[in-house]
Chemist: 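Okay, here's the structure, questions in a sec.
Computed from a predicted model, the values in this text were never measured in an experiment.
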Amino acid sequence: MGIIGDPISQAKTPQAINPIFAAKAADIVCVPLHVPTDDLGTVWAGLKAMPNLIGFGVTLPHKQMVPQLCDSLDPLAERIGAVNVVRREQDGSFRGYQFDGQGFVRGLTAQGVVLQGRDALMIGAGGAAVAIAFALQQAGVARLVVANRTFEKAEALARAVNEATGTAFAAAGAPTPAPRQLLINATSLGLNDTDPLPLDVSTLQAGMTVAEVIAKPEITALLRAAEQRGAAIHSGIHMITGQVSLIADHMIEALG
């Protein structure tokens, strides 16, 4: 099993999922594969030609490009428009799946973060953000504001969730937190020390929960700033741990 991304050095899935494969005596090992965006199509053809490749995880920036390359999509992945796991099915085809949202919510609840009836602000509107938005709605979050550098992309995400769920759950807005909100950084800002912060940290305060999708570093500059201002923090590593057991079982199932 691979995991593809650009960059890939931040990927935590191999370290998290390989012990699960070993504990289940599954003859599978997960390895990181650095796949530059411009080479995705070429690498895809190579992956498909490898008979002992059972599938691969997908991380940034490929999650919204992969659906067009898959032979088929799981209904959830199709609805979200982003894929974070591709599995080789029994007929040899590549089918896309989506575990990000489920993993993110499982990670939050495992750490005791209250979601039911809470308002949330999410910064970012990429593949993981779309999956998380759907999962938050299903988990009972009251309202979601989506902020993005490109406002039209935030509007498109909010509209897609509302239309699919028949609600007025999501709306595009500014990256300005409100008291006691769940704040989610679903951008890649924070992967590098030189990255700007995704919002004005002076707006953070006690009573808020600040959550990351970034797993490496486990404590980003945003989380450090949030903790200094009294907010609860939640590392992106919990999104990984929240879904790796599901992904491991999904891959083992393909072995027949």
Side-chain angles (χ1 to χ4, degrees), residues 1 3-5 11-17 19-21 24 30 54-60 62-64 66-67 70 72-87 89 94-118 120 122-144 146 157-158 160-162 164-167 169-170 182-187 209 211-215 234-254:
M1 174 184 172
I3 176 167
I4 66 170
K12 290 284 192 178
T13 299
Q15 299 97 308
I17 203 168
I20 299 174
F21 287 143
K24 293 176 179 285
C30 181
I54 199 168
F56 46 93
V58 182
T59 188
L60 60 88
H62 301 318
K63 293 183 182 187
Q64 289 175 301
V66 162
C70 289
S72 65
L73 296 174
D74 176 75
L76 178 61
E78 186 168 17
R79 182 171 74 167
I80 291 170
V83 161
N84 84 314
V85 169
V86 175
R87 187 176 75 174
E89 303 300 303
F94 275 2
R95 184 171 177 85
Y97 296 87
Q98 177 53 251
F99 292 92
D100 273 334
Q102 202 175 352
F104 188 77
V105 165
R106 280 167 60 107
L108 287 168
T109 55
Q111 295 300 309
V113 178
V114 175
L115 298 178
Q116 187 71 35
R118 194 171 189 179
M122 180 168 64
I123 301 172
V130 179
I132 289 168
F134 276 97
L136 292 175
Q137 193 276 332
Q138 292 179 344
V141 168
R143 182 172 180 269
L144 174 67
V146 182
L157 189 161
V161 174
N162 291 342
T165 59
T167 66
F169 167 70
L182 168 64
L183 169 65
I184 302 157
N185 176 34
T187 75
T209 300
E212 277 279 12
V213 300
I214 294 170
H234 181 83
S235 172
I237 194 67
H238 301 300
M239 184 170 107
I240 304 297
T241 57
Q243 63 181 304
V244 286
S245 62
L246 299 174
I247 295 171
D249 288 343
H250 190 65
M251 289 298 180
I252 292 169
E253 179 188 336

Chemist: Using side chain to side chain contact (heavy atoms under 4.5 Å, CB included), reason through Phe169 and Val141 one step at a time and then give a plain yes or no.
Modeler: CA-CA 9 Å; Phe169 167 70; Val141 168; 3.9 Å; yes

Chemist: Step by step, would you call Ile237 with Lys12 a side chain to side chain contact (heavy atoms under 4.5 Å, CB included)?
Modeler: CA-CA 8 Å; Ile237 194 67; Lys12 290 284 192 178; 3.8 Å; yes

Chemist: Is the shortest side-chain heavy-atom distance between Ile252 and Phe21 below 4.5 Å?
Modeler: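 Yes, side chains in contact.
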
Chemist: Within a strict 4.5 Å, meaning less than it, do heavy atoms of the Gln138 and Val105 side chains meet?
Modeler: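 Gln138 does not reach Val105 side chain to side chain.
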
Chemist: Do you know the tightest heavy-atom contact between Met1 and Ile54?
Modeler: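 Nearest pair, atom of Met1 first, then Ile54: CB-CG2, 4.1 Å.
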
Chemist: Report the residues that fulfil side-chain contact (heavy atoms from CB on, under 4.5 Å) with Ala129, sequence neighbours left out, ordered by chain and then residue number.
Modeler: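 For Ala129, the residues satisfying side-chain contact (heavy atoms from CB on, under 4.5 Å) (neighbours in sequence not counted) are Met122, Leu157, Ala186.
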
Chemist: Testing the basics here: between Ala125 and Val146, what is the closest heavy-atom pair and its distance to 0.1 Å?
Modeler: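 Heavy-atom minimum between the residues: CB-CG1, 4.5 Å.
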
Chemist: Out of curiosity, Phe104 CZ to Leu136 CG, how far, rounded to the nearest 0.5 Å?
Modeler: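 Phe104 atom CZ to Leu136 atom CG measures 6.5 Å (nearest 0.5 Å).
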
Chemist: For Thr109, which residues count as a side-chain hydrogen bond (donor to acceptor under 3.5 Å, both in side chains) partner, sequence neighbours excluded?
Modeler: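 side-chain hydrogen bond (donor to acceptor under 3.5 Å, both in side chains) list for Thr109, sorted by chain: empty.
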
Chemist: Out of curiosity, Ser235 OG to Gln111 CD, how far, rounded to the nearest 0.5 Å?
Modeler: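 Ser235 atom OG to Gln111 atom CD measures 9.0 Å (nearest 0.5 Å).
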
Chemist: Hey, could you give me the NE2/CG distance between His234 and Leu183, rounded to the nearest 0.5 Å?
Modeler: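 One finds 12.5 Å between NE2 of His234 and CG of Leu183.
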
Chemist: If every non-hydrogen atom of Ala139 is compared with every non-hydrogen atom of Leu115, which pair is closest and at what distance?
Modeler: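 Closest heavy-atom pair between Ala139 and Leu115: CB-CD1, 4.0 Å.
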
Chemist: Going by the rule side-chain hydrogen bond (donor to acceptor under 3.5 Å, both in side chains), which residues pair with Thr187 if we only count those two or more places apart in sequence or in a different chain?
Modeler: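 For Thr187 the side-chain hydrogen bond (donor to acceptor under 3.5 Å, both in side chains) partners, ignoring immediate neighbours, are Asn185.
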
Chemist: Which heavy atom of Gly96 sits nearest to which heavy atom of Ala77, and what is that distance?
Modeler: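 In this case the closest contact between Gly96 and Ala77 is O-CB, 3.7 Å.
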
Chemist: Could you list all the side chain to side chain donor-acceptor pair (under 3.5 Å) pairs where at least one residue sits in residues 73-86, not counting sequence neighbours?
Modeler: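 Residue pairs passing side chain to side chain donor-acceptor pair (under 3.5 Å), neighbours aside: Asn84-Asp100, Asn84-Gln243.
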
Chemist: Look only at the side chain of Arg87 and the backbone of His250, and say whether a donor-acceptor pair between them is shorter than 3.5 Å.
Modeler: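 Indeed, once roles are kept as given, a pair shorter than 3.5 Å links the two residues.
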
Chemist: Return the minimal non-hydrogen interatomic distance between Pro19 and Pro14, and the atom names on each side.
Modeler: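 Reported closest heavy-atom pair: CD-O, 4.2 Å.
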
Chemist: Do Met251 and Ile17 pass the side chain to side chain contact (heavy atoms under 4.5 Å, CB included) test, and can you show the C-alpha distance, the side-chain angles, and the key distance before you say yes or no?
Modeler: CA-CA 11 Å; Met251 289 298 180; Ile17 203 168; 5.7 Å; no

Chemist: Excluding sequence neighbours, so at least two apart, what forms side-chain contact (heavy atoms from CB on, under 4.5 Å) with Ala110?
Modeler: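 Residues passing side-chain contact (heavy atoms from CB on, under 4.5 Å) with Ala110: none at all.
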
Chemist: More than 12 non-hydrogen atoms from neighbouring residues, nucleotides or ligands closer than 6.0 Å to CZ on Arg143, yes or no?
Modeler: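 No - once you tally the heavy atoms of other residues, nucleotides and ligands closer than 6.0 Å, there are 12 at most.
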
Chemist: Would you check if Gln64 and Val130 make a side-chain contact, meaning some heavy-atom pair closer than 4.5 Å?
Modeler: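 Sidechains of Val130 and Gln64: in contact.
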
Chemist: Go through the steps to decide whether Phe134 and Val161 satisfy the test side chain to side chain contact (heavy atoms under 4.5 Å, CB included), and finish with yes or no.
Modeler: CA-CA 6 Å; Phe134 276 97; Val161 174; 3.8 Å; yes

Chemist: In Å, rounded to the nearest 0.5 Å, how long is the span from CD of Glu212 to CE of Met239?
Modeler: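 Between atom CD of Glu212 and atom CE of Met239 there are 10.5 Å.
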
Chemist: According to ring pair (Phe, Tyr, Trp, His ring centres under 6.0 Å), who are the partners of Phe94, at least two apart in sequence or on a separate chain?
Modeler: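 Phe94 satisfies ring pair (Phe, Tyr, Trp, His ring centres under 6.0 Å) with Trp44, Phe56 only.
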
Chemist: Do you know which two heavy atoms are closest between Ile240 and Ala16, and how far apart they sit?
Modeler: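 Taking Ile240 first and Ala16 second, the nearest heavy atoms are CG2-CB, 3.9 Å.
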
Chemist: Let me confirm one number: the CD1-CG distance from Ile184 to Leu144, rounded to the nearest 0.5 Å.
Modeler: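 Result: 6.5 Å between the selected atoms.
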
